[in-house]
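Start at 1 with the first residue, then count along the sequence.
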Amino acid sequence: MEKRIGKNIRTFRERIGITQELLATKLQLRGCDLTRSAVAKIEVGQRHLYIDEVILIKEILDVSYEELLS
């Protein structure tokens, strides 16, 4: 499941043309202390996602929960 969600995050991130670094920065500005390295690990399914991170990533990528989690 985490690999699938990570792949979706990468797909939507690339679709809107932002880097892992920029996604991490946007998350940090919203109070979520994730580094570019952590984003990379999430995208390949090597790091667990917490619900608060899912909420913020969904908002930043402007996708629905269904799109992100399916």
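Not a single donor-acceptor pair under 3.5 Å links the side chain of D52 to the backbone N or O of C32. With hydrogens and angles ignored, the 3.5 Å screen pairs a side-chain donor or acceptor of R13 with a backbone N or O of I18. Looking only at distances, a side-chain donor or acceptor of E67 sits under 3.5 Å from a matching main-chain atom of S64.
A salt bridge does not link K7 to E2: none of the charged nitrogens lies less than 4.0 Å from a carboxylate oxygen.
Applying the salt bridge (charged side-chain N to carboxylate O under 4.0 Å, His left out) test to E14 and every residue at least two apart in sequence or in another chain returns R10.
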(request) Might you work through the side-chain contact (heavy atoms from CB on, under 4.5 Å) test for F12 and I57, ending with a clear yes or no? (result) CA-CA 10 Å; F12 291 120; I57 290 170; over 6 Å; no

(request) Test side-chain contact (heavy atoms from CB on, under 4.5 Å) on T19 and L23 and set out the steps. (result) CA-CA 6 Å; T19 63; L23 178 56; over 6 Å; no

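By the criterion of side-chain heavy atoms lying less than 4.5 angstrom apart, applied directly or through intervening Ile, Leu, Val, Met, Phe, Trp or Tyr residues, I5 is not grouped with Y50; the two fall into different hydrophobic clusters. Both L27 and I16 are part of a single hydrophobic cluster, where members link through side-chain heavy atoms under 4.5 Å apart. Side-chain heavy atoms closer than 4.5 Å link hydrophobic residues (I, L, V, M, F, W, Y) into clusters, and following such links, even through other members, never connects L29 to L22.
R47 places a side-chain heavy atom less than 4.5 Å from the side chain of L34. Contact annotation: the side chain of V54 approaches that of L68 to within less than 4.5 Å [non-hydrogen atoms, C-beta and beyond].
Separating the CG atom in N8 from the NZ atom in K3 is a distance of 14.0 Å, to the nearest 0.5 Å. For the atom pair CZ (R30) and CD1 (I55), the distance works out to 12.0 Å, reported to the nearest 0.5 Å.
No more than 12 heavy atoms of other residues, nucleotides or ligands sit less than 6.0 Å from atom NZ of K26.
Q20 pairs with exactly one of T25, I42, V39, I9 by the side-chain contact (heavy atoms from CB on, under 4.5 Å) rule, that one being V39.
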